[in-house]
Amino acid sequence: MPTDRPLSTVDPRPWRTRLLVAAMGLAAHRRSARVAGLRLTLAPGVCNPSPIPGVSFARLFRAALRALPPDAPVLEIGTGAGVWALLATRAGAQVTATDLPHVPLAPVRANATANGLRCPELLTGDLFAPVAGRRFQRVLFNPPFHVGHARTPAEQAYLGGPGGAVVRRFLAELPSHLTPDGAGYIVLPRHEAAQYADALAALTVRPVARQWVPLMGRVDCLELTAP
């Protein structure tokens with residue numbers, strides 16, 4: 001399509017990705033959210049877990065916590081505002097939550113206190129690096145599932161790099177961090193899941209919940225176990 005902009009300024013990312021980036025940018029000014037009964041304060045640069053008021057992944061998050069044994073060790077990677085980690089804490093799990101160094105985790109501690117919950121163990125680092133050598137009964141990840149290069153730190157929450165490198169690394173490293181009866185849970189839109197079909201094929205995959213989300217279409221919560 002012709003454009004009067006210089007070629008170097010044309011965004012080469014797929015239209016779905018461009019729409020998501022635009023929507024998350026519009027929601028970035030809101031510094032609070034309510035999700036699944038949790039009152040949340042959001043730090044600058046942290047994705048709003050309900051960018052469209054009333055719309056969130058809470059139903060998918062709760063599905064991954066069904067039949068969770070008391071005091072089960074649970075890891076959430078890329079916790080952001082802490083929604084999934086706090087829901088797991090509310091369910092009685094012993095929760096560890098991590099995120100990248102540029103993401104402030106103090107608001108997660110404050111959100112736990114504000115909601116009358118025990119604060120998860122909060123660690124900083126890339127994917128499984130902060131929990132090297134540890135295993136968990138549940139590993140939770142709402143990943144940067146869109147394939148594309150993040151241009152700002154905030155975009156790292158939903159853009160997983162060229163070729164979807166972040167998701168692929170997670171899928172490869174997951175089995176070594178699960179207990180024998182453990183499972184990982186990942187949130188993926190159907191369109192994006194197809195891009196990771198080869199990496200998912202190395203695991204046993206079972207959908208546990210799905211919902212339709214504006215701009216994303218059908219989104220699944222997938223249970224992942226070692227074959």
Side-chain angles (χ1 to χ4, degrees), residues 20 35-38 47 49-52 54-99 117 120 127-128 131 134-146 157-158 160 164 166-227:
L20 177 73
V35 178
L38 298 171
C47 282
S50 182
I52 301 172
V55 176
S56 74
F57 288 156
R59 179 173 177 272
L60 304 181
F61 292 167
R62 285 194 292 254
L65 303 175
R66 292 175 190 151
L68 186 66
D71 297 322
V74 171
L75 170 67
E76 187 195 6
I77 292 176
T79 192
V83 175
W84 214 345
L86 294 181
L87 291 177
T89 299
R90 193 165 71 184
Q94 297 290 331
V95 181
T96 298
T98 73
D99 216 319
L117 298 171
L127 289 179
F128 291 101
V131 294
R134 295 171 61 180
R135 292 178 179 267
F136 300 86
Q137 199 159 356
R138 297 280 194 282
V139 175
L140 316 173
F141 193 29
N142 177 17
F145 41 68
H146 280 257
Y158 40 90
V166 173
V167 173
R168 291 179 179 279
R169 284 170 49 217
F170 169 81
L171 295 173
E173 296 173 20
L174 173 66
S176 64
H177 292 278
L178 294 175
T179 60
D181 60 344
Y185 293 84
I186 190 170
V187 172
L188 284 177
R190 179 174 60 174
H191 179 272
E192 278 66 36
Q195 300 179 84
Y196 300 111
D198 57 331
L200 289 166
L203 300 163
T204 299
V205 180
R206 183 175 72 93
V208 295
R210 64 182 41 156
Q211 69 182 83
W212 186 88
V213 178
L215 300 183
M216 296 184 190
R218 195 188 85 188
V219 181
D220 291 325
C221 180
L222 303 177
E223 179 187 81
L224 310 172
T225 54

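Here the structure is a predicted model, which means the values were calculated and not measured. Along the sequence shown, the residues carry numbers beginning at 1.
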Among all residues two or more places apart in sequence or in another chain, which pass the side chain to side chain contact (heavy atoms under 4.5 Å, CB included) test with Ser176? none

Test of understanding: with side chain to side chain contact (heavy atoms under 4.5 Å, CB included), list the residues that count as partners of Val208, not counting sequence neighbours. Ala63, Tyr185, Arg206, Cys221, Glu223

Could you tell me which non-hydrogen atom of Thr225 sits nearest to which non-hydrogen atom of Gly182, and how far apart they are? CG2-O, 3.7 Å

Residue pairs, two or more places apart or on separate chains, that pass salt bridge (Lys or Arg N to Asp or Glu O under 4.0 Å) and touch residues 71-96: none

Say whether, by atom type as modelled, one donor and one acceptor occur between the side chain of Arg138 and the main chain of Ala64 under 3.5 angstrom. yes

Leu171 vs Phe141 side-chain heavy atoms within contact, under 4.5 Å: no

Verify, without hydrogens or angle tests, whether Asp99 (side chain) and Gly80 (backbone) share a donor-acceptor contact under 3.5 angstrom. yes

With sequence neighbours excluded, what pairs up with Arg135 under the side chain to side chain contact (heavy atoms under 4.5 Å, CB included) test? Thr179

Can you tell me which residue pairs pass the ring pair (Phe, Tyr, Trp, His ring centres under 6.0 Å) test with a partner in residues 62-85, sequence neighbours excluded? Phe61-Trp84

Using side chain to side chain contact (heavy atoms under 4.5 Å, CB included) as the criterion, list what pairs up with Ala193, not counting sequence neighbours. Leu188

Rounded to the nearest 0.5 Å, what separates atom NE2 in His191 from atom CZ in Arg218? 13.0 Å

Can any side-chain N or O of Arg134 pair as donor or acceptor with the backbone N or O of His177 at less than 3.5 Å? no

Between the OG1 atom in Thr98 and the CG atom in Leu127, the distance rounded to the nearest 0.5 Å is 7.5 Å

